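Below is one structure; the comments refer to it alone.
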Amino acid sequence: MTSDQTTPFGDDELESARKLFEGPWDFVWASTRIDDLPPLVGQEIAFAGRSNVGKSSLINALTRRNALARTSHTPGRTQQLNFFRQVGHDERLTIVDMPGYGYAAVGKEKVAAWTRLIHDYLRGRANLMRVYVLIDARHGIKDVDGDVLETLDKAAASYQVILTKGDALKKSEQEAVIEATAAKIKRRPAAFPEVLLTSSEKGFGIPELRAAIARVLAERA
């Protein structure tokens, strides 16, 4: 969604979502194995995407914390499932930053282990209410993204595609990539049909993404 598009969210909903995310977010757990996940608390949302797609930057933008999730220009920096929550404040929601899949500047065995962890988590986490699959707006959905979407479809795990780095495109290109991406996921059974375009650097699409998350959380309450 570009900054000047009509939002499907009312002002009250956007403001409520802003308040949901303005609390003191903190790192609470890291898992490198599926048998070492934290206890279930409230609901979880997970951010998945290819290495260097901008997951950490998007989490930092959502929570207004510059360094909550570590960012790096080196693919493969996030090497575990990282869990974030507003400890002692509003603990209804936990954010999970997942290792990037696909290329990473580490050995193939480690990449394979991360990939297994990602797929196992996506298939089996009881309080995972939605997965946000991040796609670089400049490149669109690639084959490696399709593998993760297939896993989510088979597990009946609800997911929504979020396009990142939208500020790198012209307005006409933004509209085209939204339409093309929506067409590619149209027949996928677990995909939420709306595609959101965001820019962590410029901030557009972030209020709408917060509101989308808050809406799902309200539905699960």
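Being a predicted model, the structure only gives us computed values, none of them experimental. Just the heavy atoms: all of them, side chains too, but no hydrogens, waters or symmetry mates, feed the values below.
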For Glu150, give me all partners under salt bridge (Lys or Arg N to Asp or Glu O under 4.0 Å), at least two apart in sequence or on another chain.
Arg188
If hydrophobic clusters are built from ILVMFWY residues whose side chains come within less than 4.5 Å, do Ile95 and Val216 share one?
yes
Counting distance only, does the side-chain N/O of Gln86 pair as donor-acceptor with the main-chain N or O of Gly23 below 3.5 Å?
yes
Do the non-hydrogen side-chain atoms of Val96 and Tyr121 ever get within less than 4.5 Å of each other?
yes
Ile59 vs Asn82, side-chain contact (heavy atoms from CB on, under 4.5 Å): CA-CA, chis, key distance, verdict:
CA-CA 11 Å; Ile59 290 171; Asn82 291 317; over 6 Å; no
Test salt bridge (Lys or Arg N to Asp or Glu O under 4.0 Å) applied to Glu173 - qualifying residues, sequence neighbours left out
none
Do Leu81 and Val87 land in one hydrophobic cluster if side-chain heavy atoms of ILVMFWY residues count as linked below 4.5 Å?
yes
Compare every heavy atom of Leu152 with every heavy atom of Ala190, then report the nearest pair and how far apart it is.
CB-O, 3.8 Å
Please round to the nearest 0.5 Å and tell me the distance separating atom CG of Leu40 and atom CG of Leu128.
10.5 Å
Short N-O contact, Asp145 and Arg50, less than 4.0 angstrom:
yes
Do Phe84 and Leu217 belong to the same hydrophobic cluster, where Ile, Leu, Val, Met, Phe, Trp and Tyr are linked whenever their side-chain heavy atoms lie under 4.5 Å apart, directly or via other members?
yes
Taking ring-ring contact (aromatic ring centres under 6.0 Å, His included) as the definition, give me every residue that meets it alongside Tyr159, ordered by chain and number, with sequence neighbours left out.
none
Using side-chain contact (heavy atoms from CB on, under 4.5 Å) as the criterion, list what pairs up with Ser158, not counting sequence neighbours.
Arg130
When rounded to the nearest 0.5 angstrom, what distance separates CG in Leu169 from CG in Leu197?
7.0 Å
Is any side-chain heavy atom of Gln43 closer than 4.5 Å to a side-chain heavy atom of Ile45?
no
Looking only at non-hydrogen atoms, find the nearest pair between Arg85 and Leu93 and report the distance.
CG-O, 3.7 Å
Report yes or no: does Gln174 contribute a side-chain atom to a donor-acceptor pair with the main-chain N or O of Gly166 at less than 3.5 Å?
yes
Would a 4.5 Å heavy-atom cut-off, applied to side chains only, mark Arg18 and Leu20 as touching?
no
Atom pairs and distances, donor-acceptor, side-chain atoms in residues 178-187, under 3.5 Å, two or more places apart:
| residue | atom | partner | partner atom | Å |
| --- | --- | --- | --- | --- |
| Thr181 | OG1 | Val177 | O | 2.7 |

Phe21 meets the ring-ring contact (aromatic ring centres under 6.0 Å, His included) criterion, sequence neighbours left out, with Trp25
Taking salt bridge (Lys or Arg N to Asp or Glu O under 4.0 Å) as the definition, give me every residue that meets it alongside Asp120, ordered by chain and number, with sequence neighbours left out.
Arg123
d(Leu62 CG, Glu22 CD) to nearest 0.5 Å is 14.0 Å
Does Thr94 reach the side chain of Asn127, with side-chain heavy atoms less than 4.5 Å apart?
no
For a 4.5 angstrom cut-off between non-hydrogen side-chain atoms, does Val133 reach Ile162?
no
Do Asp97 and Ser56 have side-chain atoms, one donor and one acceptor, less than 3.5 Å apart?
yes
Could you check whether any side-chain heavy atom of Lys171 comes within less than 4.5 Å of a side-chain heavy atom of Glu175, counting everything from C-beta outward?
yes
Residue pairs passing the salt bridge (Lys or Arg N to Asp or Glu O under 4.0 Å) test with at least one member in residues 28-44, sequence neighbours excluded, are Arg33-Asp35, Glu44-Arg125
Non-hydrogen side-chain atoms of Leu163 and Leu196 separated by less than 4.5 Å:
no
Closest heavy-atom pair, Ala48 versus Met98, reported as atoms and distance to 0.1 Å, is CB-SD, 3.9 Å
Contact summary for Leu37 and Ser31, nearest pair of heavy atoms:
CA-OG, 3.5 Å
Check whether any side-chain heavy atom of Asn66 sits under 4.5 Å from a side-chain heavy atom of Asn60, and report yes or no.
no
Of all pairs that satisfy salt bridge (Lys or Arg N to Asp or Glu O under 4.0 Å), the ones with a partner from residues 210-221, not counting sequence neighbours:
Glu13-Arg215
Is Leu122 reachable from Phe192 through a run of hydrophobic residues whose side-chain heavy atoms are each under 4.5 Å from the next?
no
Could you list all the ring pair (Phe, Tyr, Trp, His ring centres under 6.0 Å) pairs where at least one residue sits in residues 123-157, not counting sequence neighbours?
Phe47-Tyr132
Heavy atoms of Asp147 and His119 approach each other most closely as O-CE1, 4.0 Å
For Ser199, side chain to side chain donor-acceptor pair (under 3.5 Å) partners two or more places apart
Asp167
Drop me the distance from Asn52's CG to Leu134's CG, to the nearest 0.5 angstrom.
12.0 Å
Main-chain N/O of Val53 paired with Thr164 side-chain donor or acceptor, under 3.5 Å
yes
Set of salt bridge (Lys or Arg N to Asp or Glu O under 4.0 Å) partners for Arg138, sequence neighbours left out
Asp136
Shortest non-hydrogen contact from Leu117 to Ile34?
CD1-N, 3.7 Å
